[in-house]
Amino acid sequence: MDGAIEKFQVQSVVADGLTEPQRRAVTHGDGPLLVLAGPGSGKTRVITRRIASLIARGVPAWSILALTFTNTAAREMADRVESLVPIDTPGRRGLTVSTFHSWCARLLRQFGPTSEAARHVTGALEGGFTILDAADAKASVKRALKAAELDPKHFTPAWAMGYIGEQKNVLRTATQCLDEAQDFASRTAARVYVEYEQILGRANALDFDDLLLRSAFMLLRDEAVRGAVQGRFRHLLVDEYQDTNHAQFVIARVVAQGSGNICVVGDPDQAIYGWRGADISNILEFEEAWPGAAIVALGDNFRSVEPIVACADALIRHNSERRERPLSSMVGPGDPVRRIACADDRHEARVVVQAVLDARAGGTPLREMAVLYRMNALSRAMEEECLRREVPYVVARGTAFYERAEVRSALSYLRVLANPADDLALQRAAQNPNRGIGDSGFAKLQAHAAMHGTCVRAVLARARAAGVAARTAKACEAFASELDALSLQLASDGWEEDGSCRLGRFVMDLIDRSGLRSFVMKESADDEEAEERSANLTEVANAAAETPMPADPEPAAPTPDRTLMGALRAYLERVALVADADMVDPERGALTLMSLHAAKGLEFDVVAIIGVEQGILPHERSLADPSQMEEERRLLYVGITRARRQLFITSAGLRTRNGIRLPTIPSSFDHELPEHALRREGSTGSFAGYGRAGDEGPGAEVGWERGRPRLAGRRVEAVDGTDEAGGSESVRAGSVVRHFQFGMGRVEAVFSEGGRTKARVAFRSSGVKTLVLDFVRLDVVS
DNA sequence: TACTTCAATGTTTTT
DNA sequence: CATTGAAGTA
């Protein structure tokens, strides 16, 4: 085959149908590149085509690193690159597309244990480190506050977490903070930070911010790590660059310093993470950090109809900290944006769900619609109404499933197996089910362990020496040998020859044999709850079974760990780093409910933004600060620009908050929307619709079951079992199916094994997997 | 040690 | 309202 012709063909596919500025960004050669991409301007298109173009140019895929903020974005990017580059293109394999956090976690697993720069205050970072979720980080902060002996009235966990997060985001360590503290207040804060770091260090645990901070330190200070990373990655691409914080800025800078090839894509008008340390000057001052950078601005909007773009544009012009950039719709005219003032929140829900049903009747599938809100609490009323009208919906809160008590318990066993120093997990595992090891007994063990400079796990088998009651000691010893037995298995192979992961079986056995399942079921209030919680446990095992086998290493990549322990670590890492937005499944036949933040980067035909009221959007806590108000405005801007064809902006005259209904005040952003693009319905004055608030009548009871919402978790079923995408009943050999994580695949076989119906599916990008049909969601495409 | 009950208390957004 | 913590009881 003629290489030149092949390359030419790839190039033409890559550049096909692009606008002039898009083409410039895609074909830009070496050197720094900043792409300022307005909403709907083809940002993802540009990144994916640019990667494809690099590969076509002869840059090996394994030397390209693309960093995103969510796993969904990463996967979509990888899929799209793959479909652009012909399968037989040399050097096509091994592309790294990852979130900042997971890429850093992997870097730390590889280099952390031997790198001085990654050390904890208490000692070396070990490879099996735990990634603490928000709840565990909070628990650790509480312990740190207690250890620092501060008045809990004045020094709250939220305050401490805020302080620690801020410091970590700008790469300041605990000791540095303590050394540089000038006054009493900052010394107090620094003391808490130091205590917190010691707690994490003893547990061999890292929080989310640590993943970035320690990676940044390794890259800055450890020549071996920096050399390895710079040697391997010759092209860096960063998506959503406007939302990077200082740590991420440093990571990107050091990685790209080796090659000078850095391409960042973002939009200052869509910066919505200032509160978590995102520094907008990273993108505004890109040219200063990278002199000679090429800049491409993409302003044409190919997503939304004119009234929607007009709304977005008029709104964002009210921000003063902004470089003016025009935004115009290339799609053409469309329906005006409907600004609906409702009587109260239930009325609002009825109006929105009715609009959804109308749109569905008009041919728009539910998966192309979304309801967006400023606070997760606003999803409640919507969920009730969806249940009542039998509209299948998905609440995109990725962490919700992992916050459930039984799921946390199951994961605690896994965590302590992966990382014996994880006392938090050990305690939770030890007490679920109850084994006669209580809080006081565990505290004694902890004190004893601390005295010997070790973790509880290490002294568990000799609990008697810790001075606990004889009965407790016996329980500890039994539990210790239970864990020992499980640990032994972890050295075995992690995957079967067909690529299926043995961790699923391992977790299933663990859940049953530890007594966790029966305990959780016995604890439940009724059969239905028992059933649901048991199913959640099974889902943990099932998700573990889906851990993909690591691919063969590309040149300059580390050798993957294919033991069961390796699978366990990979699974725990994946679980720890899911984003809310990752739970959006575009192939499901359901309406998506999610926060405005989680909606960043997504698009839908029909969008409703609810709760556009003063105090909600803009949020109360932002009202006093002009620059926070600008961020609130950007948030609404992001929401508006998610919509392709139809946009609803709603408010309620009365809203129930904390159990009390109160009249609302219209959002100050309301007057900033252009009347010519709007259709106003209802009255927008305060106290609007007072008289109509209670007109639901007696038949308006909602579909709660015993006052508890039917879980807003990972596997929200369509309420009536219907699934527009086709349902799972017709999975047979030969079907083309889609999995929320693995993407498209072809069913090779359906068979029965161990009393379960399973399917072997060959996925296009993630290989052959065996899936249990009862638990896995597979949408049949054909 | 484990479970129940009651009072207080705080509330955005998320990797 | 819903979660959390403390106090009391079996």
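Lettering of chains follows the sequences in order, A, B, ..., and the numbering in each one begins at 1.
By the 5.5 angstrom centroid cut-off and the 30-degree plane limit, His597(A) is classified as not stacked against the base of dT13(B). Stacking is found between Trp275(A) and the pyrimidine-like six-membered ring of the dT13(B) base under the 5.5 Å centre-distance and 30° plane-angle cut-offs.
Nearest nucleotide to the side chain of Arg374(A), out of dT15(B), dT14(B), dT12(B): dT12(B). Comparing dT11(B), dT15(B), dT13(B) against the side chain of Arg621(A) picks out dT11(B) as the nearest. Nearest nucleotide to the Lys142(A) side chain, out of dG5(C), dT15(B), dT13(B): dG5(C).
Residues Trp275(A) and His597(A) bring their aromatic ring centres within 6.0 Å.
The side chain of Asn71(A) contributes no N or O atom lying less than 4.0 Å from OP1 or OP2 of dT15(B). The shortest distance between the side-chain N/O atoms of Arg397(A) and the OP1/OP2 oxygens of dT14(B) is not below 4.0 Å. Residue Thr656(A) has no polar side-chain atom (N or O) positioned under 4.0 Å from OP1 or OP2 of dC1(C). Taking only side-chain nitrogens and oxygens, Asn376(A) comes nearer than 4.0 Å to OP1 or OP2 of dT13(B).
Using modelled atom types and a 3.5 Å distance limit, the side chains of Ser412(A) and Ser409(A) yield no donor-acceptor pair. In this structure, a donor-acceptor pair under 3.5 Å is absent between the side chains of Asn376(A) and Ser595(A). Between the side chains of Ser622(A) and Glu632(A), at least one donor N or O lies within less than 3.5 Å of an accepting N or O.
For the pair Met161(A) CE and dT15(B) C1', the computed distance is 12 Å after rounding to whole Å. Taking atom CE of Met375(A) as the reference point, atom C1' of dT12(B) lies 7 Å away to the nearest angstrom. Atom pair Asp625(A):CG and dT12(B):C1' shows a separation of 15 Å (rounding to whole Å applied). If you measure from atom CZ of Arg276(A) to atom C1' of dT13(B), you get 9 Å, rounded to the nearest angstrom. One interatomic measurement links the two molecules: CG of Asp239(A) to C1' of dT15(B), which rounds to 15 Å at whole-angstrom precision. Residue Gln628(A) contributes atom CD, which lies 15 Å from atom P of dT13(B) at whole-angstrom precision. In this entry the distance linking CZ of Arg657(A) with P of dT12(B) reads 9 Å, nearest Å. When the C1' atom of dT4(C) is taken as reference, atom NZ of Lys138(A) falls 8 Å away, rounded to whole Å.
Using a 4.0 Å heavy-atom criterion, one finds that Asn434(A) contacts the sugar-phosphate atoms exclusively. Contact annotation for Lys600(A): no contact, since no heavy-atom pair falls under 4.0 Å across all strands. Heavy atoms of Phe100(A) sit nowhere under 4.0 angstrom from any nucleic acid atom. As judged by a 4.0 angstrom heavy-atom cut-off over every strand, Ser102(A) is placed among residues making no nucleic acid contact.
Comparing the C1' positions of dT13(B) and dT4(C) gives a spacing of 22 Å, expressed to the nearest Å. Atom name C1', nucleotides dG5(C) and dT12(B): the rounded distance is 24 Å, in whole Å.
In terms of position along DNA chain B, the nucleotide closest to Gly438(A) lies nearer the 5' end than the nucleotide closest to the other residue of the pair Ala576(A) and Gly438(A). Sequence order on DNA chain B of the closest nucleotides to Ile437(A) and Thr70(A) puts Ile437(A) first from the 5' end.
Arg172(A) pairs with exactly one of His246(A), Glu166(A), Gln167(A) by the side chain to side chain donor-acceptor pair (under 3.5 Å) rule, that one being Gln167(A). Screening Arg143(A), Arg428(A), Arg408(A) against Asp136(A) for a salt bridge (charged side-chain N to carboxylate O under 4.0 Å, His left out) leaves a single residue, Arg408(A).
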